[in-house]
Protein chains: 2
Amino acid sequence: MQSILENIAKHVSLTSDEEALFLSKTETKQLKAKTILLSSGEIAYCTYFVNSGILRSFNINDNIIEHVLHFACEGWWIGDMYSYISEKPGNLFIEVLEDAEVVVISKENHQELYKEIPKLERFFRILAENSLVSHQERLMDNLSLSAEERFEKFCSKYPTLIQKIPQKQIASYIGVTPEFFSKMKARLLKK
Amino acid sequence: MQSILENIAKHVSLTSDEEALFLSKTETKQLKAKTILLSSGEIAYCTYFVNSGILRSFNINDNIIEHVLHFACEGWWIGDMYSYISEKPGNLFIEVLEDAEVVVISKENHQELYKEIPKLERFFRILAENSLVSHQERLMDNLSLSAEERFEKFCSKYPTLIQKIPQKQIASYIGVTPEFFSKMKARLLKK
DNA sequence: TGAAGCACTTAATGTAGATTAAGAAATTAT
DNA sequence: ATAATTTCTTAATCTACATTAAGTGCTTCA
């Protein structure tokens with residue numbers, strides 16, 4: 001299991017005092033599957049780093065259709081960035097898909113950490129830039145690839161996730177209905 | 001016209017010495033419409049801040065179809081973030097749509113600026129976070145809204161752009177063919 | 001243990017948007 | 001000015017995917 005300190009150490013090096021300070025401003029929580037950490041309309045006061053388990057963020061369109069923005073498993077971050085930075089109500093839900101342990105950082109503590117450990121600005125800059133790149137790629141894929149191609153990309157990018165999460169959620173991430181996804185999968189298996 | 005220093009001052013405050021240092025590491029360039037600043041397959045060694053004019057970034061699918069990732073006019077930044085941070089060949093083109101003046105920052109100078117003015121980490125973190133939020137929103141819109149709704153959002157978000165750029169480029173940004181866009185526009189005008 | 005609720009499948013039918021093609025209008029180049 | 005190129009429009013046809021509906025096999029939990 002990759003710890004949050006190891007995650008940070010990939011990009012900036014903290015002294016052990018700084019590491020201790022960082023940990024003192026965070027809280028580790030055990031979460032049961034199906035827990036909703038954030039609902040649409042709420043303000044996101046926290047961001048999460050996943051130690052183990054799986055979470056997802058999604059929105060709900062016209063009170064009916066869910067669209068998955070992001071899956072997060074071991075070593076990933078998840079949150080509602082819009083609401084977190086604007087401090088306005090967001091439209092994302094965050095849900096635990098598989099029993100999880102997460103490190104919780106509140107916005108308040110996060111700001112204090114920036115003051116006391118300016119190096120963290122660099123770490124979160126790099127985190128945001130990498131996330132931006134992968135969102136840009138996914139956006140372009142949605143504009144230019146077929147559902148089948150998007151699924152293949154998903155498989156090669158997140159090979160471990162495929163066995164673990166219900167396929168209707170993969171369908172939602174890819175951007176197709178569960179029915180079409182099922183048909184598409186059958187077609188791919190014939191090949 | 002908003003200068004790059006004013007853009008930075010929105011989020012962090014630099015001393016006048018720091019401002020002078022910043023400017024000394026940048027270069028201002030006049031660009032003619034249709035200039036290609038970056039082509040697919042090249043490494044992006046620079047990022048651009050737009051003083052005036054309009055630029056766009058796009059990719060080309062199967063050597064045929066263009067998809068617009070981003071338009072940038074006065075006060076916006078543009079570049080190929082993937083290539084810029086990974087220093088690998090990217091797949092974006094960057095093109096001048098309307099005669100422009102841009103501030104060019106090379107990756108090398110950018111890194112030196114981070115060393116000499118650590119506050120800039122904060123500025124570019126905030127820039128990346130805001131950009132991430134808007135990409136996330138666009139991604140969710142592409143998953144859940146119809147072409148017509150995406151067009152309406154585009155109009156309310158970039159009202160000034162609509163008159164200035166060829167509508168086939170708006171179609172490409174929205175994610176529809178120029179033919180369908182034309183039909184859709186005619187339908188909207190009837191209402 | 002069994003029934004209630006999900007997740008998945010299959011199939012018929014419907015539709016938003018793509019493709020193809022051709023002409024009109026606007027820009028750009030000579 | 002006029003030819004050449006590009007952009008925009010219109011219309012017919014096509015298709016990838018959505019919708020609706022019905023049935024099957026899991027899981028979950030009284």
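Order of the sequence lines fixes the chain letters, A, B, ..., with proteins taken first and strands second; residue numbering starts at 1 for each chain.
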To 10°, what angle do the rotation axes through the five end pairs on each side of the helix from C/dT1-D/dA30 to C/dT30-D/dA1 form? 50°

What about [X] and [Y], are their ring centers closer than 6.0 Å?
| X | Y | value |
| --- | --- | --- |
| A/His110 | A/Phe124 | yes |
| B/Phe71 | B/Tyr158 | no |
| A/Phe151 | A/Phe181 | yes |

In whole angstroms, how far is the [atom2] atom of [N] from the [atom1] atom of [X]?
| X | N | atom1 | atom2 | answer |
| --- | --- | --- | --- | --- |
| B/Asn61 | C/dA18 | CG | P | 13 Å |
| A/Ile174 | D/dA18 | CD1 | P | 12 Å |
| B/Ile65 | C/dT20 | CD1 | C1' | 13 Å |
| B/Asn142 | C/dA16 | CG | P | 18 Å |
| B/Arg187 | C/dT15 | CZ | P | 14 Å |
| B/Leu145 | D/dA18 | CG | P | 15 Å |
| B/Leu143 | D/dA18 | CG | P | 11 Å |

Assess [X] against [Y]: is NZ or CZ under 6.0 Å from the centre of the six-membered ring, and within 45 degrees of the ring's axis?
| X | Y | result |
| --- | --- | --- |
| A/Arg138 | A/Phe154 | no |
| A/Arg56 | A/Phe93 | no |
| A/Arg125 | B/Tyr114 | yes |

Main-chain N/O of B/Leu113 paired to B/Glu116 side chain as donor or acceptor, under 3.5 Å: no

Closer than 4.0 Å, any side-chain N/O of B/Thr177 to the OP1 or OP2 of C/dG17? no

Below 4.0 Å: OP1/OP2 of C/dG17 and any side-chain N or O of B/Arg150: yes

Just the atom pairs and distances: protein N or O near nucleotides 6-11 of chain C's N or O, under 3.5 Å.
unit_1	atom_1	unit_2	atom_2	d
C/dA7	OP2	A/Lys168	NZ	3.1
C/dC8	OP1	A/Gln167	N	3.0
C/dC8	OP2	A/Gln167	N	3.2
C/dC8	OP2	A/Lys168	N	3.0
C/dT9	OP1	A/Lys185	NZ	3.1
C/dT9	OP2	A/Gln167	NE2	2.4
C/dT9	OP2	A/Ser182	OG	2.7
C/dT9	O5'	A/Ser182	OG	3.1

Decide yes or no on side chain to side chain contact (heavy atoms under 4.5 Å, CB included) for A/Lys32 and A/Val96, but give the supporting numbers first. CA-CA 7 Å; A/Lys32 282 274 157 213; A/Val96 181; over 6 Å; no

Scan residues 156-173 of chain B for pairs that pass salt bridge (Lys or Arg N to Asp or Glu O under 4.0 Å), counting only residues two or more places apart or in two chains. B/Glu137-B/Lys157

